[in-house]
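Following: one structure in C-alpha cells, then a few remarks.
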There are 2 protein chains.
Amino acid sequence: MRPDDLAEVRHLPLFRDMLKANFDQLMQGAYAQTFPAGLELIRQGDPADFLHVVMEGSVELYAHWEGRICTMAVVQPVSTFILAACIKDAPYLMSARTLERARLLLVPASDLRAVFRRDPEFAVSTITELAGCYRAVVRHAKGLKLRNSRERIAAYLLKQSRSLGGAARFSLTVEKRLIASYLGMTPENLSRAIRSLEEVGVQVKGQQVTITDMAQLLAFVPPDPLIDGPDTGGATAGVSLPQGVAG
Amino acid sequence: MRPDDLAEVRHLPLFRDMLKANFDQLMQGAYAQTFPAGLELIRQGDPADFLHVVMEGSVELYAHWEGRICTMAVVQPVSTFILAACIKDAPYLMSARTLERARLLLVPASDLRAVFRRDPEFAVSTITELAGCYRAVVRHAKGLKLRNSRERIAAYLLKQSRSLGGAARFSLTVEKRLIASYLGMTPENLSRAIRSLEEVGVQVKGQQVTITDMAQLLAFVPPDPLIDGPDTGGATAGVSLPQGVAG
DNA sequence: CGAACCCTTGACAGAAATCAACTAAGGTGG
DNA sequence: CCACCTTAGTTGATTTCTGTCAAGGGTTCG
C-alpha cells in the first residue's frame, strides 16, 4: 500500500483519533487493491468480511429483490462503506460494484471489532460514524416518503448546487439512470420529470444543469436540513452522502 | 423511578454490559415520567437533549415536511429511541408522540456522551445498537424502493405472523392508518390493497388477520431477511423494529 | 463500421392519490 | 341509557402519477 494512501486513511474521521499503534496494526492486516469498472465487489447476503474504504474511483451500493434492482448510494473517495455489517458480523444488506476503475482498501472485519474494544477513541469515532450513517439513511427514507418524484429531483439538483456553493451551473457527476434509481423512479420518469421542471426554474441539457430561477426552484422544494442534510458547502458530489453511508 | 424499572432498563442490550457504577450514575441523572395519549414528546428539528426509553405504552416516530406527515416507526417497550441524535448532539430528524398513555425514561444526552467515553463496554453496546438501527432503516428503505404497495402490505402481515411463530390468525396491534403511513401509502390505498390481497391468501376483517393460504402468500412475497429482518420468532409486535430504531 | 448502451420520446396500462360520501365503532355528556 | 359527536375505516368516481413497452437518436468503444 502506498504511504500517501495510509496518510489519507489516517485523516478519515473514523481513523484520525485512534492510537497510532492501533491504526498501524489495523492497516497491517489490510490490503489495497485496484478493481476494473463494473466489478461486483460485494453481493448482498454474503458474510461481512472486510470494511471497505474507497481511495479512488467510485462505488455504487445497490439492493435487489425478485429481479428488481435499486441504487442505495454512490460512495466516493475518501470514505468507508458497509461498516455496520462488519460490526454486527452480519450479512451485507447491499451489494456493491465499481462504477469506474477504483482503488479500495480492505480492512478485515475481525480486526476492526477487536480494535474498537480496546481503543476507546476508535470506539467513539465508530459511534459517531454510525450515527451519521443512520441519520443519512433516515433522511433518505424521509425524502422517499414525503416527496414525489419531481420534488425529489428538484431537491437533488438543489443539493448538488449547494454543495458547490450555490452554483447556478454545474454538471451531473453520475449517470441519469443511476440518479433515477437512487431517487426511486425509472429512467423514463426521470427524463420526463426533468423536462417538466423547466417551468419551476431548472434546465438540464445532457449533463449540464442550469438553474434559471433559483428563487422559484427554492419555492418549489423548500430545502430542509432534516431531509437534504446540513449545508456542506464543501466538495461532496454525486448521490453520495457526507461520509460512509453503508453498514 | 421504580426499582423494577431500573432492572428492566439494566437488561436492555444497550445497558446490560456497562459497569454498574456507570449505569447507576446514568440513571441518577435520568427521570421517569408518564405521559397521556397523543402527546407530542419531541418535535423534529429540536436539539436532542434526552435519550428516550419506552417503559410502557407505545410511541410513534413520524416525520413531516410541507404539511405532509409520515410514520417512520412505532416504538414499543422496552426499547430506546433517538439515540443517534443524542450522540451527534444534533437536531432530531423525527418527531415523536405517544399513541397511548406511556411511561418513559429520559436520560440526559450529555451524560450519555460522557459515559461511553469512559466505559468501553458501553461504547461497544452503543456501537452494536446503532449498527442495528442503521440496518433496520436500510431494510425499510429497501422495502419502499423494491416493493409496491401490495407487496409491502403482504410482507408486513407475514412479518407479523412470523413474529408470532407463524400464526395463521392474529390481530393488528396498531391502527390501519398508521400502518398505511408506515408503509408509505394512503389509508384508502391500504384498504383497497388489503381487499385485493384476498386472492393471494390473506383475509383481514377489522383487526383480525387470517392467513388462508400461507404457501400462496409466501409465493406472492418471498420473505427476505435482508428486507424483512431476521426471523425473530419472539414477541416483537407492531411496526416497531427489534430494538431502538431511531437516533 | 457495427455493437452496445444511455437517454429520450410517445403511447398505453397500471398504480396510487385525491375528493367525496357513507358506515361503524367508541366516547361524551345529557 | 341514549343521543350525539368524533374518528377510523371503507367504498366509489375521478384524476394524477408512475411504470411498461416500443422505437429512435446519440455516443462510446472495440
Side-chain angles (χ1 to χ4, degrees), chain A residues 36-38 60 65-71 74 97 99-101 143-154 157 171-200 202-209 220-221 239, chain B residues 36-38 60 65-71 74 97 99-101 143-154 157 171-200 202-209 220-221 239:
Chain A
E60 177 192 5
W65 180 76
E66 292 291 303
R68 295 169 219 170
I69 297 187
C70 74
T71 301
V74 171
R97 67 184 156 210
L99 287 176
E100 52 191 328
R101 183 182 163 84
L144 289 171
K145 292 173 92 165
L146 290 171
R147 291 172 171 165
N148 63 26
S149 300
R150 290 180 78 201
E151 291 164 344
R152 293 201 294 278
I153 297 167
L157 296 176
S171 280
L172 296 176
T173 54
V174 296
E175 290 178 348
K176 284 185 185 165
R177 57 196 299 280
L178 210 145
I179 296 175
S181 181
Y182 174 69
L183 296 178
M185 66 193 80
T186 60
E188 295 96 323
N189 194 11
L190 177 74
S191 193
R192 274 187 266 268
I194 281 180
R195 170 62 53 94
S196 83
L197 284 178
E198 287 182 4
E199 59 194 42
V200 293
V202 240
Q203 234 176 33
V204 182
K205 282 207 177 105
Q207 305 274 88
Q208 269 299 314
V209 180
F220 179 65
V221 263
V239 290
Chain B
E60 177 193 7
W65 180 76
E66 292 291 304
R68 296 169 219 170
I69 297 185
C70 74
T71 301
V74 171
R97 66 183 156 211
L99 288 175
E100 51 191 327
R101 183 181 163 85
L144 289 171
K145 291 174 93 165
L146 290 170
R147 290 171 172 164
N148 62 27
S149 301
R150 291 180 77 201
E151 291 165 342
R152 293 201 295 277
I153 297 166
L157 296 176
S171 281
L172 296 176
T173 54
V174 296
E175 289 179 348
K176 284 184 185 166
R177 57 198 297 280
L178 210 144
I179 295 175
S181 180
Y182 175 69
L183 296 178
M185 67 192 81
T186 60
E188 295 96 320
N189 194 13
L190 177 76
S191 191
R192 276 187 264 267
I194 280 179
R195 168 62 53 94
S196 83
L197 285 178
E198 287 182 4
E199 59 194 45
V200 292
V202 242
Q203 233 175 35
V204 181
K205 284 208 175 102
Q207 306 274 88
Q208 269 298 314
V209 180
F220 178 66
V221 261
V239 290

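The chains referred to below are lettered A, B, ... by the order of the sequence lines, with proteins before strands, and numbering in each begins at 1. Below, each value reflects all heavy atoms present in this structure, side chains not excepted, and no hydrogens, waters or symmetry copies.
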Item to check | Side-chain heavy atoms of Met185(A) within contact of Arg152(A), under 4.5 Å | outcome: yes
Next on the checklist: Using a 4.0 Å heavy-atom cut-off, does Glu188(B) contact any base of the nucleic acid, only the sugar-phosphate backbone, or nothing at all?
Outcome noted: base
Item to check | Closest heavy-atom pair and its distance - Arg150(B), Ser196(B) | outcome: NE-OG, 3.0 Å
Checklist outcome for this item: To the nearest 10 degrees, the angle between the two end axes of the helix from dC1(C)-dG30(D) to dG30(C)-dC1(D) (five pairs per end) comes to 40°
Checklist entry - Taking OP1 and OP2 of dG19(D), is either one under 4.0 Å from a side-chain nitrogen or oxygen of Thr186(A)? => result yes
Next on the checklist: If the test is side chain to side chain contact (heavy atoms under 4.5 Å, CB included), which one of Asn148(B), Ile179(B), Leu183(B) qualifies with Ile153(B)?
Outcome noted: Leu183(B)
Item to check | Nucleotide nearest Arg177(A) when distance is taken to its side chain, options dT10(D), dT18(D), dC7(C) | outcome: dC7(C)
Item to check | Under 3.5 Å donor-acceptor pair, Arg192(A) side-chain atoms to dT20(D) base atoms | outcome: yes
Checklist entry - Between Glu151(A) (CD) and dA17(C) (P), how many Å, whole number? => result 13 Å
Next on the checklist: Is the phosphate of dT18(D) approached by Ser149(A) (side-chain N or O, under 4.0 Å from OP1 or OP2)?
Outcome noted: yes
Checklist entry - Between the side chain of Lys145(A) and the main-chain N/O of Ile69(B), is any donor-acceptor distance below 3.5 Å? => result no
Checklist entry - Any side-chain N or O of Asn189(B) under 4.0 Å from OP1/OP2 of dA17(C)? => result yes
Next on the checklist: When you measure only distances, ignoring hydrogens and angles, does the side chain of Arg195(B) come within 3.5 Å of the base of dG9(D) through a donor and an acceptor?
Outcome noted: no
Next on the checklist: For the CD atom of Glu60(B) and the CZ atom of Arg97(B), what is their distance to the nearest 0.5 Å?
Outcome noted: 4.0 Å
Checklist outcome for this item: Closest non-hydrogen contact found for Arg177(A) with Pro187(A) is CB-CG, 4.2 Å
Checklist entry - Within the modelled atom types, does a donor on one side and an acceptor on the other bring the side chain of Arg68(B) and the base of dT18(C) under 3.5 Å apart? => result no
